[in-house]
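Numbers here simply count residues along the sequence, with the first being 1. Not measured: the values here are computed from a predicted model. Counting starts at 1 for both ligands and their atoms, in listed order.
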Amino acid sequence: MELLNKLTQTDGVSGAEEDIRALIEAHAAKLGYETRTDALGSLIAHKAGDGARIMVAAHMDEIGIIITYIDEKGFLRFGGVGGLYTQRLAGAKVRFKNGIIGVIGSEEEELKEKVKLDTLYIDIGAKNRAEAEKLVSIGDRAAFVGAMYESQNAVISKALDNRAGCFAALRAMERLSGGKDLYFVFTVQEEVGLRGAKAAAFDIDPQYAIAVDVTDTGDTPKAPVMAVKLGGGAAIKVMDRSVLCDAHIREVMKNTAKKYEIPYQLEIMADGGTDAGAMQLVRAGVKTGGISVPTRYIHSPSELAYKSDIDACAELLYRTIEEL
Ligand code: CO
Ligand code: ZN
């Protein structure tokens with residue numbers, strides 16, 4: 001859990017992934033993988049082998065904000081990077097690369113109605129524009145602040161989307177001994193349109209691709225109907241808005257889960273896409289599947305997942321790669 005803590009607490013908003021990349025790269029190198037960074041910034045960790053060429057994509061970017069304007073009083077106007085829930089933003093804290101923390105502010109009156117993004121602002125406590133401009137600039141990105149807490153079953157943290165997936169990928173990498181030609185790619189810019197995975201998949205030209213990410217659940221008090229629940233094990237992706245998964249990979253995943261008694265469930269996510277959708281469509285098409293960590297409150301500073309489900313995803317990923 002110490003590694004998951006480090007992964008969630010190192011920031012990496014889309015297009016500014018350098019800190020999280022450095023952390024993952026150090027870890028992948030320790031595990032004996034050759035690493036390089038491509039033009040978009042995705043980290044490619046490779047272990048050569050004679051077997052099938054397999055690409056695993058876990059996006060390492062996270063949602064956040066980007067400064068668009070600094071007003072004369074020193075308040076920062078901002079836009080969203082990735083899908084933000086505007087109604088949940090007021091009161092949240094954000095952190096810039098230089099460590100500056102700001103709170104997302106709103107006039108009380110605005111909160112009584114449906115909040116619009118352009119009525120919110122970030123307050124870093126600056127006295128005026130000149131002071132604010134010494135600390136931050138237009139285009140700077142900031143990530144949500146949200147420490148990781150652990151209970152008996154769960155972890156709660158910002159950026160479990162998708163550091164939980166990165167964690168599962170690293171755990172699988174640790175156990176894979178070779179044979180397959182393995183490419184673990186920690187992709188950039190997933191949250192703004194699956195961009196890193198697309199470029200990396202074209203480069204690698206894999207025979208099989210697997211995306212590891214989080215998925216919504218249907219188990220909160222008024223959740224829309226969805227078969228995925230916390231504690232139900234690794235979610236084997238059937239479909240999301242970006243992809244219909246390859247039937248062969250899905251069957252291998254199901255049979256592998258049964259063979260090794262790994263708890264699993266089937267995922268159909270109505271809203272949202274994953275790197276699976278991007279990888280499937282490069283060149284002449286790639287057989288693609290997905291393994292997902294069931295997670296509540298995705299894209300909030302307090303996402304919640306079960307430790308047992310994260311473990312099941314790591315185990316299923318490792319075993320599936322061996323079986324493919
Ligand atoms: Co996301
Ligand atoms: Zn994600």
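- Considering the Zn ion (ligand 2) as centre, the angle to NE2 of His59 and to OD2 of Asp213 is 80° (10° rounding).
- Summarising the local packing, OH of Tyr149 is surrounded by 12 or fewer heavy atoms from other residues, nucleotides or ligands at distances under 6.0 Å.
- A cation-pi arrangement is present between Arg319 and Tyr260 under the rule of less than 6.0 angstrom and at most 45 degrees off the ring axis.
- Between Tyr208 and His248, the angle of the ring planes lies from 30° to 60°, which puts this pair in the tilted group.
- Distances from the Zn ion (ligand 2) show that Glu191 has no N/O/S atom below 2.8 Å.
- At the Co ion (ligand 1), the angle from OD2 in Asp161 to OE2 in Glu191 is 100° when rounded to 10°.
- Residue side and main chain included, His299 places an N/O/S atom under 2.8 Å of the Co ion (ligand 1).
- Within Asp161, the N, O or S atom at minimum distance from the Zn ion (ligand 2) carries the name OD1.
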Go through the steps for Met148 and Lys158 under the test side chain to side chain contact (heavy atoms under 4.5 Å, CB included), then give the verdict. CA-CA 7 Å; Met148 189 176 104; Lys158 68 108 167 164; over 6 Å; no
Yes or no on side-chain hydrogen bond (donor to acceptor under 3.5 Å, both in side chains) for Gln189 and Ser14, after CA distance, side-chain angles and deciding distance? CA-CA 5 Å; Gln189 299 188 35; Ser14 309; over 6 Å; no
